[in-house]
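None of the values given here were measured: they were computed from a predicted structure. One-based numbering, in listed order, for ligands and for the atoms of each.
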Amino acid sequence: MQTHHQTSQSLNALLAPFTKQFQNGLLRQGTSSVPLLTTMSQYYMLQPSKRLRPCLILLMCQATNGLGSDWETKSTSLWVGCSAETDALENILPEQLSLAQVFEILHVASLLHDDVIDNAETRRGSPSVPALFGNRRAILAGDFLLGRAMRLVGTLGSPEVMSLVAEVFCTLVEGELLQAGYTDLSLGSAVVDPVHLPRVAQDPAEDEIITSLWQEYLQKTYMKTASLFAKAMECAVILGGATAEDPLREAASSFGACLGMAFQIVDDLLDFEGDPKKLGKPANADMRLGLVTAPVFFALQEDESIRPRVLRCFEGPGDVEATADCVRNTQALSRTRKLAESYAMKAREALNIVPDSAAKEALLKVTFAILARQA
Ligand code: FPP
Ligand code: MG
């Protein structure tokens, strides 16, 4: 298997024709006549980042353009990224490049709000926007970027894409509220497509509370992270002419949903085993926010002693440290990794109907790279 570093290098090579255009357009969207708003809106855009969402969108476009039933009508607009050296990889429509920007803007907006909600002092190793400029300003910057994302999505010529992007806004907020414990499980079944719900081996010894917490965790994971990946992939193929009947739609959406689940579960794993310096945030940040994630659920299956700590959301003295010890001393971390791996595998399976190409190969590599990531 390739190392994480090699994978990001080959991804960079595939996306090289688009990166400059992508980043310039992104920064333009983060520009306001109010200088402070520009500074805050562009702050996370200017930090080094994996740019995972736009990468996936562009790769999905390259891997599937030409396959949708309605491709002929879509492909009349000019292609971007054309250059003699990259000829096999020029296959992206201008609307699809904008779509990648829409999703990155939406992601940045959600981070601005998330850092207020989570009281985050740092992000990616630097002070967070709310830490530097205050909560009120950070919220306004997030709102501003949501407006910019809406403005841009309105230029793509697809009411269906507009409505899917709007749905992502809503689902992110619902997921965030579910995480904060403000909602109950009755919200669930209507919101999460059962196709995308993971199959987790349920231990018969688990009682109802823990089972429902597990379900709530998976549901929340889909809503706050995986739904954005699912809809981003679906919008990418819609802009490439995939109609509602094309199996490509479900394949793209399922790829995104499963990859998004794997991505977030690895995020939750890194909260326990990651290096705070590389992560740019403190260790066990989730537990400190009272959040119960997969490693804790698995630890609980092996060691009942942490149950009271879990049920009181780690609010007692020493709860965070004792639970972290328990997670390390059980199979919890390896079982969490296996859960993420099973999602990554499902993501790869979803791509079975896509013909082989360099872009498909790169999408498959991403499913491995997100498992190997350390930040
Ligand atoms: C990061 O999670 C946050 C998200 C994946 C979503 C946040 C969504 C909102 C705040 C709802 C508002 C939405 C919009 C559209 C403005 P994390 O806290 O687990 O990860 P982190 O360690 O990167 O902060
Ligand atoms: Mg956060």
Side-chain angles (χ1 to χ4, degrees), residues 30 40-41 43-44 47-53 102-131 135 138-150 152-153 164-183 191 217-232 256-257 259-276 278-296 336 340 370 373-375:
M40 290 189 294
S41 303
Y43 186 86
Y44 292 146
Q47 281 178 342
S49 114
K50 299 181 282 297
R51 294 264 184 269
L52 180 60
R53 292 151 190 85
V102 166
F103 272 90
E104 187 63 8
I105 296 166
L106 176 55
H107 172 58
V108 171
S110 77
L111 295 183
L112 288 165
H113 286 186
D114 182 68
D115 284 344
V116 173
I117 295 169
D118 290 352
N119 252 320
E121 286 295 321
T122 58
R123 173 165 297 278
R124 297 167 184 158
S126 304
S128 69
V129 170
N135 283 347
I139 289 168
L140 290 171
D143 291 343
F144 173 77
L145 283 181
L146 284 180
R148 282 291 155 91
M150 278 160 67
L152 188 56
V153 80
L164 283 172
V165 169
E167 213 177 296
V168 176
F169 288 15
C170 299
T171 310
L172 287 182
V173 174
E174 287 169 342
E176 199 62 26
L177 274 176
L178 194 59
Q179 169 164 297
Y182 294 141
T183 42
V191 184
Y217 164 75
L218 294 169
Q219 176 113 30
K220 173 206 83 179
T221 304
Y222 174 79
M223 292 167 85
K224 81 164 204 181
T225 305
S227 65
L228 184 142
F229 284 81
K231 301 289 186 260
L259 187 88
M261 292 297 290
F263 178 82
Q264 185 60 48
I265 292 166
V266 170
D267 214 63
D268 298 344
L269 184 70
L270 289 174
D271 201 54
F272 287 88
E273 64 173 28
D275 174 355
K278 282 188 191 153
L279 289 173
K281 59 182 179 183
N284 303 139
D286 290 340
M287 274 199 288
R288 289 180 212 285
L289 289 168
L291 302 178
V292 186
T293 57
V296 175
T336 304
I370 56 151
R373 75 194 175 97
Q374 293 180 340

Does any pair with a residue in residues 104-118 pass salt bridge (Lys or Arg N to Asp or Glu O under 4.0 Å), and if so which ones, sequence neighbours excluded? R51-E104, D114-R123, D115-R123

Look at the side chain of [X] and the backbone N and O of [Y], then say whether any donor-acceptor pair between them is shorter than 3.5 Å.
X: Y44; Y: H107; answer: no
X: N135; Y: V116; answer: no
X: S128; Y: A120; answer: yes

Which residues pass the side chain to side chain donor-acceptor pair (under 3.5 Å) test with Y217, sequence neighbours left out? D268

At distances under 2.8 Å, what protein N, O or S atoms surround the Mg ion (ligand 2)? D114 OD2, D118 OD2

Heavy-atom count around E121 CD within 6.0 Å, excluding the residue itself: above 12? no

Would you mind telling me which of L269, T221, T293 makes a side chain to side chain contact (heavy atoms under 4.5 Å, CB included) with Q264? T221

A side-chain contact here means heavy atoms from C-beta on lying under 4.5 Å apart; do M150 and F169 qualify? yes

Could you grab the distance from atom CG of L177 to atom CD1 of I117, nearest 0.5 Å is fine? 8.0 Å

Put together the list of close N/O pairs, under 3.5 Å, between ligand 1 and the protein, could you?
residue	atom	partner	partner atom	Å
ligand 1	2 (O)	K224	NZ	3.3
ligand 1	18 (O)	D114	OD1	3.3
ligand 1	18 (O)	D114	OD2	2.9
ligand 1	18 (O)	D118	OD2	2.8
ligand 1	19 (O)	K224	NZ	2.6
ligand 1	22 (O)	K281	NZ	2.4
ligand 1	23 (O)	R123	NH1	2.9
ligand 1	23 (O)	R123	NH2	3.3
ligand 1	24 (O)	D114	OD2	2.8
ligand 1	24 (O)	R123	NH2	2.7

